[in-house]
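Reading through the structure tokens given below for one structure.
This one's a predicted model, so the numbers in the text were calculated from it and none came from an experiment.
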Amino acid sequence: MSVRVARAVRAWGWGTSGRRGASNFRLPPLGAVDVAELLRDATAAEEVSQEVAARRQPGQCSVLLFPGQGSQVVGMGRGLLRYPRVRELYAAARRVLGYDLLELSLHGPQEDLDRTVHCQPAVFVASLAAVEKLHHLQPAVIENCVAAAGFSVGEFAALVFAGAMEFSEGLYAVKVRAEAMQEASEAVPSGMLSVLGQPQSKFTFACSEAREHCKTLGIENPVCEVANYLFPDCRVISGHLEALQFLQKNSSKYHFRRTKRLLVSGGFHTRLMAPALEPLAQALKAIDVKKPLVPVHSNVSGSRHTHPKHIQKLLVQQVVSPVKWEQTMHAIYQRKKGTEFPQTFEVGPGKQLGTILKSCNLQAWKSYSHVDVLAAAEDTGQDL
């Protein structure tokens, strides 16, 4: 794996040229090697790659985590512009999106950046730009990457990083996804509620009673269900606003320790997002998805993606399915007692995934670092 990923690093740009053209954007070549060519070249090194991987100690390996919507903040990207090819990524993004994403990311306003249609592409590009910074400061981290995962829209960035699709293709799919989810969220007053519970918390029962409450208000087919599994006893519940209000009002009944409304525009990862399925499916059908060079874990199952065609289906299904992040963390970090944990790097805005990792696996978190996208720090400590 190391040799294959090393080749990907030397080619990095990860297909910013957009040569397969799912979006019909024919971007000028930036000196990047096509992913298909990369895969062909890597085949000859497969046996050597396996030998290198066998000699590598667990503590020398790395895992990359890509954040999702909600991590965006005005100023993100400022700490990345001095690194090679980052401005090229943003220039390519401007062609795909049709607006200046870098300007919006650097200067806001925050309310515009927070809109689903903008924040999903913004987090996607900032995360891949953070990979460029990490590669510049610690190239061995990329070379020795053994797994990647992304939260919600972050899964697209993880797949681009792993060579499953080109940058422009992934960004175009994210653009379509964000626009469709924005439209779906505006159709029904809905949202998301972060709930910190206890072992005795009754999430399923609470959601059921919240739906019944909505029916008494005349809401047909109300939605209220777990949308994100974050860490033990912590969930995000998504659905109609009336259902979320009911849960907050009756939180003690269900043994909820704390509830907090999230600053998102809709009930994501539920059937309220069903109108977004077809547009995203059509966008993904035009993409020639490849086998990832690095194992990438699916939000839908928590397990590694196994086949390119399954990747397309699962990315569509992800829009209306809960994000099984807690399950993903267990899958990535499960190991025999006494075995070292890999280094973990959160690439993108915010440290939310690091906080979740700490609650899922304290020992794994001790090898966690965050790649800062706000300040151009020179050090290589906990915040790169």
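- Ser303 and His297 share no side-chain donor-acceptor pair at under 3.5 Å.
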Next item on the list: Please assess Leu193 against Leu262 for the test side-chain contact (heavy atoms from CB on, under 4.5 Å), listing each intermediate value before the final yes or no.
Entry: CA-CA 6 Å; Leu193 182 73; Leu262 301 183; over 6 Å; no

Next item on the list: Check the pair Leu171 / Leu97 against side-chain contact (heavy atoms from CB on, under 4.5 Å), numbers first and verdict last.
Entry: CA-CA 8 Å; Leu171 179 57; Leu97 299 172; 4.1 Å; yes

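- With rounding to the nearest 0.5 angstrom, the CD atom of Gln343 is 6.5 Å from the CD atom of Gln138.
- Side chain of Ser369 to backbone of Phe345: no donor-acceptor contact under 3.5 angstrom is found.
- Linking Ile, Leu, Val, Met, Phe, Trp and Tyr whenever their side-chain heavy atoms come within less than 4.5 Å leaves Leu244 and Ile219 in two separate clusters.
- A continuous path of ILVMFWY side-chain contacts below 4.5 Å connects Val176 to Phe156, so both sit in one hydrophobic cluster.
- In this structure, Phe231 CZ and Thr355 OG1 are separated by 8.5 Å, a value rounded to the nearest 0.5 Å.
- Here the closest heavy-atom approach between residue His310 and residue Thr306 is recorded as ND1-OG1, 3.5 Å.
- More than 12 heavy atoms of other shown residues, nucleotides or ligands fall within 6.0 angstrom of atom CG in Leu217.
- Listed by first and then second residue, the salt bridge (Lys or Arg N to Asp or Glu O under 4.0 Å) pairs that reach into residues 199-217 are Glu209-Lys253, Glu212-Lys215, sequence neighbours excluded.
- Judged as a side chain to side chain donor-acceptor pair (under 3.5 Å), and not counting sequence neighbours, Arg261 has no contacts.
- Counting heavy-atom neighbours within 6.0 Å of Gln334 CD, excluding the residue itself, gives a total of 12 or less.
- Tracing side-chain contacts under 4.5 Å through hydrophobic residues (I, L, V, M, F, W, Y), one reaches Ile356 starting from Trp365; they form part of the same cluster.
- Side chain of Ser208 to backbone of Phe205: no donor-acceptor contact under 3.5 angstrom is found.
- The aromatic rings of Tyr99 and His118 lie perpendicular to each other, with more than 60° between the two planes, well past the 30° mark.
- Side-chain atoms of Glu346 come within 3.5 Å of backbone N or O of Leu353 as a donor-acceptor pair.
- Under a 3.5 Å cut-off, the side chain of His370 and the backbone N or O of Gly348 do form a donor-acceptor pair.
- Applying the salt bridge (Lys or Arg N to Asp or Glu O under 4.0 Å) rule to Glu326 yields the partners Arg235; only residues at least two apart in sequence or on another chain are considered.
- Checked against the 6.0 Å centroid threshold, Tyr83 and His135 do not count as a close aromatic pair.
- Nearest heavy atoms, Ser238 versus Ala227: CB-CB, 3.4 Å.
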Next item on the list: With side-chain contact (heavy atoms from CB on, under 4.5 Å) as the test, would you mind laying out the steps for Met181 and Phe268 before giving the verdict?
Entry: CA-CA 8 Å; Met181 290 176 69; Phe268 301 147; 3.5 Å; yes

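- A side-chain donor-acceptor contact under 3.5 Å links Asn250 to the backbone of Phe246.
- Considering all non-hydrogen atoms of both residues, Val125 and Ala93 come closest at CG2-CB, 4.1 Å.
- In the model, Asn299 has a side-chain atom that pairs as donor or acceptor with a side-chain atom of Gln318 under 3.5 Å.
- Looking only at distances, a side-chain donor or acceptor of Gln72 sits under 3.5 Å from a matching main-chain atom of Gly70.
- Between Phe256 and Phe203, a ring centre-to-centre spacing shorter than 6.0 Å is recorded.
- Around the CZ atom of Arg271, the shell of radius 6.0 Å holds more than 12 heavy atoms that belong to other residues, nucleotides or ligands.
- Not less than 6.0 angstrom separates the ring centroid of Trp325 from the ring centroid of Tyr229.
- In this structure, Leu64 and Val141 have side chains that are in contact, with non-hydrogen atoms separated by less than 4.5 Å.
- Between Arg115 and Glu111, none of the side-chain N atoms (NZ, or NE/NH1/NH2) sits under 4.0 Å from a carboxylate O, so this pair counts as no salt bridge.
- Note on ring orientation: taking the six-membered ring where Trp is involved, the planes of Phe161 and Phe66 are tilted (angle from 30° to 60°).
- In the displayed structure, Gln352 atom CD is contacted under 6.0 Å by more than 12 heavy atoms of other residues, nucleotides or ligands.
- Residues Cys224 and Leu247 form a side-chain contact, since some pair of their non-hydrogen atoms from C-beta on lies under 4.5 Å apart.
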Margin query: Walk me through whether Thr116 and Ser265 qualify under side-chain hydrogen bond (donor to acceptor under 3.5 Å, both in side chains).
Written below: CA-CA 7 Å; Thr116 297; Ser265 60; 2.9 Å; yes

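- Scanning both residues, Pro121 and Val174, for their nearest heavy atoms gives N-CG1, 3.7 Å.
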Margin query: Go through it in stages, so that I can follow the logic: the residues are Asn361 and Phe341, the test is side-chain contact (heavy atoms from CB on, under 4.5 Å), and I'd like the CA-CA distance, side-chain angles, deciding distance and then a yes or no.
Written below: CA-CA 10 Å; Asn361 191 319; Phe341 286 93; 3.6 Å; yes

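- When hydrophobic clusters are built by joining Ile, Leu, Val, Met, Phe, Trp and Tyr residues whose side-chain heavy atoms come closer than 4.5 Å, directly or via intermediates, Val300 is not grouped with Leu65.
- Lys290 places a side-chain heavy atom less than 4.5 Å from the side chain of Asp288.
- Residues Met273 and Gly267 approach most closely at CG-O, 3.8 Å, considering heavy atoms.
- Of the possible donor and acceptor atoms, none in the side chain of Ser201 sits under 3.5 Å from a partner among the backbone N and O of Pro199.
- No path of Ile, Leu, Val, Met, Phe, Trp and Tyr side chains, each step under 4.5 Å between heavy atoms, connects Val123 with Leu263, placing them in separate hydrophobic clusters.
- The shortest heavy-atom contact between Val226 and Pro322 is O-CB, 3.6 Å.
- Considering only heavy atoms from C-beta on, Arg87 comes within 4.5 Å of Leu102 through its side chain.
- Ser321 places a side-chain N or O within donor-acceptor distance of the main-chain N or O of Gln317, the cut-off being under 3.5 Å.
- Val195 has its side chain out of reach of Val236: every pair of non-hydrogen atoms, C-beta onward, lies at least 4.5 Å apart.
- Residues His107 and Leu104 form no side-chain contact, since every pair of their non-hydrogen atoms from C-beta on lies 4.5 Å or further apart.
- Here Asp100 contributes atom CG and Arg94 contributes atom CZ; the two are 4.0 Å apart, rounded to the nearest 0.5 Å.
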